[in-house]
Amino acid sequence: MGNEFFPLFYGFHFYLFGLIALVSSILFVTRKSPVAAALWLINVMFCLAVLYILLDAQFIGAIQVLLYAGAIMVVFLFVVMLLNLGHPSELSDIRGKGGRLAAGFVGLALLAEIMVLARAEFPAKLTLPAAVTTEAAQGTAGIIGPIAAPLFREYLLAFELTSILLLTAIVGAVVIGKKREAGDAG
Amino acid sequence: MLAESLALSAALFTVGVVGVLTRRNAIIIFMCVELMLNAVNLSFVALSTLYGASGQVFVIFVMTVAAAEAAVGLAIIIAIFRHRQSVNLEDVNLLKG
């Protein structure tokens, strides 16, 4: 998906899905019902998957659909169903006027700050281990190769620590979510 | 496309922050955190077109941490719901002075 071959196609879809993602995220924050909010968030994630593919990260795009939209959001919807929260509660959960005003102010300040940071000049070269552009690397090693090589070489320790983190999270989730029997100590 | 991606990432992150600050439903706050993580992932992927595939490796790490966080967080929400019959954060005020 080189953007030098189809600049119009590429740019059109980039802006289209970027706009859909932004609108969906705003709708997601403003929905009252948790189910509607979750569905809008899934829409944001699908749009982000399209953007990843347009940015030459096809593997990340596939993982985004499988893992985020397919696994994490299903868990969220499952919890909403389990706790029977699908209907918007009588008491709206959006904060009062003061809270919303403060949040808007914080949001505007944050947005201005990040936009100023994004205008900064990027250093032409970063001294990461064996930094090669994705496109150049994909020419020789395919799509997944350039991701797998640093993952299992430079970041092997982080990768192993991630597995410990996942094990801890599984055990923790089971222990926290377990129903305590009457007379169960601790 | 790099500048546009970073701007979109900043906008999505800000929407997530505003969501965390304005909502009281714990599940929706968790989903806002996921939105912020997604925004950061977009930055990583956009910058990886310039600086190499390490950015995409970090996206995989972020996704793993997000999955772990969702599992533990939702277990905590279920435990709170059992005690209070509510996921409204206004009802969870034991540490409030």
Side-chain angles (χ1 to χ4, degrees), chain A residues 3 14 18 21-22 25-26 29 34 37-38 41 44-45 48 51-52 55-57 60 63 67-68 71-72 75-76 79-80 83 85 93-95 99-100 102-104 106-107 110-111 114-115 118 122 126 128 131-134 137 146-147 150-151 155 158 162 165-166 169-170 172-173 176-177, chain B residues 1-19 21-25 27-28 30-32 34-35 38 41-42 45-54 56-61 63-72 74-79 81-82 87-88:
Chain A
N3 59 347
F14 193 92
L22 193 56
S25 73
I26 291 169
V29 173
L41 185 57
V44 175
M45 285 164 178
L48 283 179
L51 294 187
Y52 293 160
L55 284 167
D56 273 332
I60 301 293
I63 290 289
L67 206 145
Y68 257 122
I72 295 183
V75 174
F76 273 93
V79 169
V80 171
L83 302 185
L85 299 168
D93 72 324
I94 297 174
R95 287 182 193 272
R100 265 182 290 171
V106 170
L110 193 62
L111 193 61
I114 301 176
M115 287 296 180
F122 298 110
L126 211 62
L128 277 178
V132 279
T133 59
T134 8
I147 307 172
L151 180 62
Y155 303 110
T162 310
L165 172 76
L166 279 178
I170 293 168
I176 294 170
Chain B
M1 291 297 140
L2 180 59
E4 290 90 340
S5 299
L6 292 180
L8 178 63
S9 164
L12 287 180
F13 190 91
T14 311
V15 170
V17 171
V18 170
L21 290 176
T22 51
R23 304 302 295 258
R24 293 197 191 100
N25 189 327
I27 289 181
I28 290 185
F30 256 98
M31 288 197 270
C32 288
E34 298 291 332
L35 180 64
N38 266 292
N41 281 350
L42 180 60
V45 170
L47 287 170
S48 83
T49 59
L50 201 61
Y51 296 129
S54 293
Q56 297 183 27
V57 175
F58 272 92
V59 170
I60 291 177
F61 286 137
M63 281 179 178
T64 319
V65 172
E69 173 242 329
V72 177
L74 288 172
I76 291 174
I77 288 177
I78 289 178
F81 187 80
R82 273 209 199 103
V87 291
N88 192 326

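As the structure is a prediction and not an experimental result, all values here were calculated from the model. Values below: every heavy atom of this structure, side chains too, minus hydrogens, waters and symmetry copies.
- A:L48 is not listed as a side-chain neighbour of B:V45, based on a closest heavy-atom distance of 4.5 Å or more.
- The distance from the CG atom of A:L83 to the CD1 atom of B:I27 is 5.5 Å, given to the nearest 0.5 Å.
- Proximity to chain B is limited to the side chain of A:L67, based on heavy atoms less than 4.5 angstrom apart.
- Top candidate by heavy-atom pairs under 4.5 Å with chain A, chosen from B:S9, B:A79, B:A67, is B:A67.
- Among A:A173, A:A21, A:G172, A:A37, the residue with the largest count of heavy-atom pairs under 4.5 Å with chain B is A:A173.
- You'll find the side chain of A:V106 stays beyond 4.5 Å of the side chain of B:V18, heavy atoms only.
- Of the listed residues A:P150, A:A38, A:G104, the one with more heavy-atom pairs under 4.5 angstrom with chain B than any other is A:A38.
- Between A:Y68 and B:N41, some side-chain heavy-atom pair lies under the 4.5 Å cut-off.
- Looking only at distances, no side-chain donor or acceptor of A:R100 sits under 3.5 Å from a matching main-chain atom of B:T22.
- Nearest heavy-atom pair across B:A53 and A:P146 is CB-O, 3.3 Å.
- With respect to chain B, the highest number of heavy-atom pairs below 4.5 Å among A:I60, A:L110, A:I170 belongs to A:I60.
- Residues B:V15 and A:S25 approach most closely at CG1-O, 3.6 Å, considering heavy atoms.
- Interface residue A:L51: only side-chain heavy atoms are found under 4.5 Å from chain B.
- Relative orientation of the B:F30 and A:F76 rings is tilted, given thresholds of 30° and 60° on the angle between their planes.
- In this structure, no portion of A:A102 lies under 4.5 Å from any heavy atom of chain B.
- Using a 4.5 Å cut-off between heavy atoms, A:I176 touches chain B through backbone and side chain atoms alike.
- Put simply, CD1 on A:I63 and CD on B:Q56 are 11.5 Å apart, with the number rounded to the nearest 0.5 Å.
- Heavy atoms of A:I72 lying under 4.5 Å from chain B belong exclusively to its side chain.
- Between A:L111 and B:A11 the shortest heavy-atom distance is CD1-CA, 3.9 Å.
- Proximity to chain B involves both the backbone and the side chain of A:V75, based on heavy atoms less than 4.5 angstrom apart.
- Neither the backbone nor the side chain of A:A71 comes within less than 4.5 Å of any heavy atom of chain B.
- Heavy-atom pairs under 4.5 Å with chain A were tallied for B:N38, B:L35, B:V17, B:L42; the largest tally goes to B:N38.
- Interatomic distance, CD1 of A:I147 versus CZ of B:F58, reported as 13.5 Å (0.5 Å rounding).
- Across B:L21 and A:A103, no two heavy atoms sit closer than the pair CB-CB, 3.6 Å.
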